Amino acid sequence: AQKITQTQPGMFVQEKEAVTLDCTYDTSDQSYGLFWYKQPSSGEMIFLIYQGSYDEQNATEGRYSLNFQKARKSANLVISASQLGDSAMYFCAMREDNQGGKLIFGQGTELSVKP
Amino acid sequence: NAGVTQTPKFQVLKTGQSMTLQCAQDMNHEYMSWYRQDPGMGLRLIHYSVGAGITDQGEVPNGYNVSRSTTEDFPLRLLSAAPSQTSVYFCASSYSPTGSTDTQYFGPGTRLTVL
């Protein structure tokens, strides 16, 4: 079974609008972390935001926020006020405490921002 | 800090050749790992290390060897390259060996083609 599922292979958003990228996860661990990474066309993996399983508040980092719904096992990334430079692949990933620190990735969502 | 560095950036091999992908970090991170990224897929874990002298297999370890003689370096060896190993390889590191709360930082990647 997929541990991390990103159901949107591609998304379009108008510049300056907000967009939500979906991520659901599957774990029986109580302690885990959820991460979002951005991969622009240049290929590097850029860390965006992190949410711990015990964190009661949703994580925010500038224009990025993580909509964490623990009971539904979802960790959606919200990008506010999209910019052209946000066009990239976005990966959701999970790290479980009892799995030796391994990071498990979803298949990614390609976001295109239109001017 | 240079962060996580990888060499080479690009490499072309013939089937059956061997080579070593280099990875180094200057952040005194205990945890290091190697991933491969194939088209249309997220990253998959090849091998990882929770500290000097300790390594373990990830999801796709066949055809690869690793060693960790120092905290800073974590080379990945391809023993006899095959076309199926054509991929982009990322090295990553994080401070904590097992903590789910610890962000992993990625190197710039090595694009490997096996003919």
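Keep in mind that this is a model prediction, so the values were computed, not measured. We name chains A, B, ... by the order of the sequence lines, and we start the count at 1 in each one.
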Worksheet entry | Minimal non-hydrogen separation, A:Tyr90 against A:Gln6, with atom names | O-NE2, 3.0 Å
Practice prompt. Can you see which heavy atom on B:Pro75 is nearest to which on B:Thr20, and at what distance?
Written response: CB-CG2, 3.6 Å
Worksheet item: Given a strict heavy-atom distance threshold of 4.5 Å, which part of B:Leu43 is in contact with chain A: side chain, backbone, both, or neither?
Response: both
Discussion item. Does any backbone or side-chain atom of B:Glu59 lie under 4.5 Å from a heavy atom of chain A? Answer side chain, backbone, both or neither.
Written reply: neither
Practice prompt. Among the options A:Glu44, A:Met45, A:Met94, pick out the one with the most heavy-atom pairs lying under 4.5 Å from chain B.
Written response: A:Met45
Fill in: Largest heavy-atom contact set with chain B, pairs under 4.5 Å, which of A:Gln51, A:Met89, A:Gln39
A:Gln39
Discussion item. Keeping A:Ser80 on the side-chain end and A:Arg63 on the backbone end, is there a donor-acceptor pair under 3.5 Å?
Written reply: yes
Worksheet item: Between CG of B:Leu45 and CG of A:Leu103, what distance do you get to the nearest 0.5 Å?
Response: 8.5 Å
Worksheet item: Would the A:Tyr37 and A:Phe91 ring centres measure less than 6.0 Å apart?
Response: no
Item to complete: Look at B:Gly107, B:Pro108, B:Gly42, B:Ala92 and state which one has the largest set of heavy-atom pairs under 4.5 Å with chain A.
Response: B:Gly42
